[in-house]
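Below: one structure, written as structure tokens.
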Amino acid sequence: MFQSRLAQYYHLASVALLFALLCAANVTGQENAPRKRFAIALHGGAGSDASRMSAEKIKAVETSLGKALDIGVEVVRDGGTGLDAVEKVIRFLEDDPLFNAGRGAVFNAAGGHELDASIMDGKTLGAGGVAAVRTVKNPISLARLVMEKTKHVLLASDGAEKFADEMKVDRVENSWFDTEPRRRELEKAKAAEGAKQSRIDIGEVHYGTVGCVVLDTHGNLAAGTSTGGRTNKKYGRVGDSPIVGAGTYANNASCAVSGTGLGEQFIRHAVCYDISARMLYLKQPLKDAVHDVLKKTLNPDDGGLIAVGADGTIVMDFSTAGMARAAADSSGFREVKIGR
Ligand code: ASP
């Protein structure tokens, strides 16, 4: 009698323990999927409408995105840091004239180039950005130096150029960023000024800002973004890309995010920080947080986002016709795409 009562108690206790363990493993719903060892996503700008691009252009963009992805995967797969992967991937894309960052940066209204970039470490919340730089070949590397060598987060224009002198990073003439396709975009934009034409009509079919988000094998998140901004922008205009919380954000407690699109909108709505806040405060899964910001907070056609969660969940979503993007993770998943 006593023995069977004891057996009943044991049975009840083990059922309760099992229930508690199952609950603990499913607090946010995100933890359902097995945690990835590493995950990486990158973008080459939202706005690209693959149906309006030539087959050669699509091939060239996809090939470059694929190479950038391989560079990032190689860094993290071998135990390198997410920050190193983000910097290497973005440097590669900055050097490719196909993208609106570094070499292929768009022209501003004055016929020159002013470049913006930022990087963030999800482990420490350390961050660095540079805005409106004119002679820095790889703005993402200068942004990282702001994070690592100064007590500041954002350096702009002449001050950032002076910092570049001190750091001895690679420099170029401003005209080195000139490319013919971008010049034609400026001409089109100028011709359309005043006329009521949509962003697509004036040729901003492929915006081309670049970004990268990574979960590394040490469990750390990192994010970075680099851009030439927007064609025909006013002197001194700074977009969201160098602004932590707007165009870039990373926090090990939630996610790493990089945005692309209409920078003014991303700044107004602190878009990348909002994705993280939604996860932390509303307990939203990453996918829902990104979806709600794109569909409910921002206007249609405002842009796109890439994000990776602390468990390695990858989300790449956009409200534009397309977004040049690529992603891979430790499970063997790999994708390179522009359209839906
Ligand atoms: N967000 C960038 C900016 O406004 C441009 C882009 O992503 O296309 O400067």
Side-chain angles (χ1 to χ4, degrees), residues 41-49 53 61 65 90 93-94 96 98-102 104-109 112-119 129-134 139-140 143 154 156-157 160 177 181-182 185-186 189 198-200 202-213 223-249 257-275 290 293-294 297-307 316-325 338:
L42 56 97
H43 69 75
S48 10
D49 181 353
M53 290 163 77
V61 170
L65 292 172
I90 293 184
L93 295 170
E94 283 176 340
D96 187 334
L98 278 175
F99 299 98
N100 171 21
V106 295
F107 285 87
N108 64 12
H113 310 271
E114 291 185 334
L115 285 65
D116 301 334
S118 65
I119 191 163
V130 290
V133 291
R134 296 178 299 271
I140 194 66
L154 181 59
S157 195
F177 298 109
R182 295 300 183 196
E185 280 176 22
L186 176 67
S198 74
R199 300 207 294 263
I200 289 170
I202 64 169
E204 287 187 328
V205 181
H206 181 83
Y207 301 149
T209 289
V210 305
C212 181
V213 292
T225 312
S226 181
T227 189
R230 297 183 67 85
T231 302
N232 204 22
K233 65 185 180 182
K234 214 175 179 60
Y235 45 79
R237 180 269 191 186
V238 172
D240 58 316
S241 307
I243 299 179
V244 165
T248 304
Y249 195 71
V257 194
S258 169
T260 167
L262 195 49
E264 283 71 12
Q265 280 286 81
F266 280 67
I267 296 173
R268 277 182 201 111
H269 297 287
V271 162
C272 290
Y273 173 74
D274 194 35
I275 307 287
V290 169
V293 168
L294 283 172
T297 305
L298 294 172
N299 293 327
D301 214 30
D302 270 353
L305 290 156
I306 54 165
M316 302 188 285
D317 202 357
F318 46 95
S319 60
T320 42
M323 178 171 77
R325 61 198 186 277
I338 299 176

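In what follows, residues are counted from 1 in the order of the sequence shown. Note that ligands are numbered from 1 as they come in the structure, with each ligand's atoms numbered from 1 the same way.
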Can you find a heavy atom in the side chain of [X] that is under 4.5 Å from one in the side chain of [Y]?
X: His43; Y: Phe318; answer: no
X: Cys272; Y: Leu305; answer: yes
X: His269; Y: Leu298; answer: yes
X: Phe107; Y: Asn232; answer: no

[X] N/O under 3.5 Å from ligand 1 N/O:
X: Arg230; result: no
X: Gly259; result: no
X: Asp116; result: no
X: Thr209; result: yes

Find all atoms of ligand 1 within a distance of less than 4.0 Å from any non-hydrogen atom belonging to [X], and give their numbers and elements.
X: Gly261; value: 1 (N), 2 (C), 3 (C), 4 (O), 5 (C), 6 (C), 7 (O), 8 (O)
X: Gly229; value: 5 (C), 9 (O)
X: Thr260; value: 6 (C), 7 (O), 8 (O)

When you measure from the side chain of Arg134 to the backbone N and O of His113, does any donor-acceptor pair fall under 3.5 Å?
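Here the side-chain-to-backbone pair does not exist.
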
How many angstroms lie between CG in Leu65 and CG in Asp96, if you round to the nearest 0.5 Å?
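It is 9.0 Å, given to the nearest 0.5 Å.
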
Looking at Arg237 and Glu264, does any basic side-chain N land under 4.0 Å from a carboxylate oxygen?
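So Arg237 pairs with Glu264 through a salt bridge.
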
Arg237 near ligand 1 by a heavy-atom separation under 4.0 Å
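Heavy atoms of Arg237 do come under 4.0 Å of ligand 1.
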
Taking heavy atoms and a distance under 4.0 Å, where does His43 meet ligand 1: side chain, backbone, both or neither?
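For His43, no heavy atom sits under 4.0 Å from ligand 1.
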
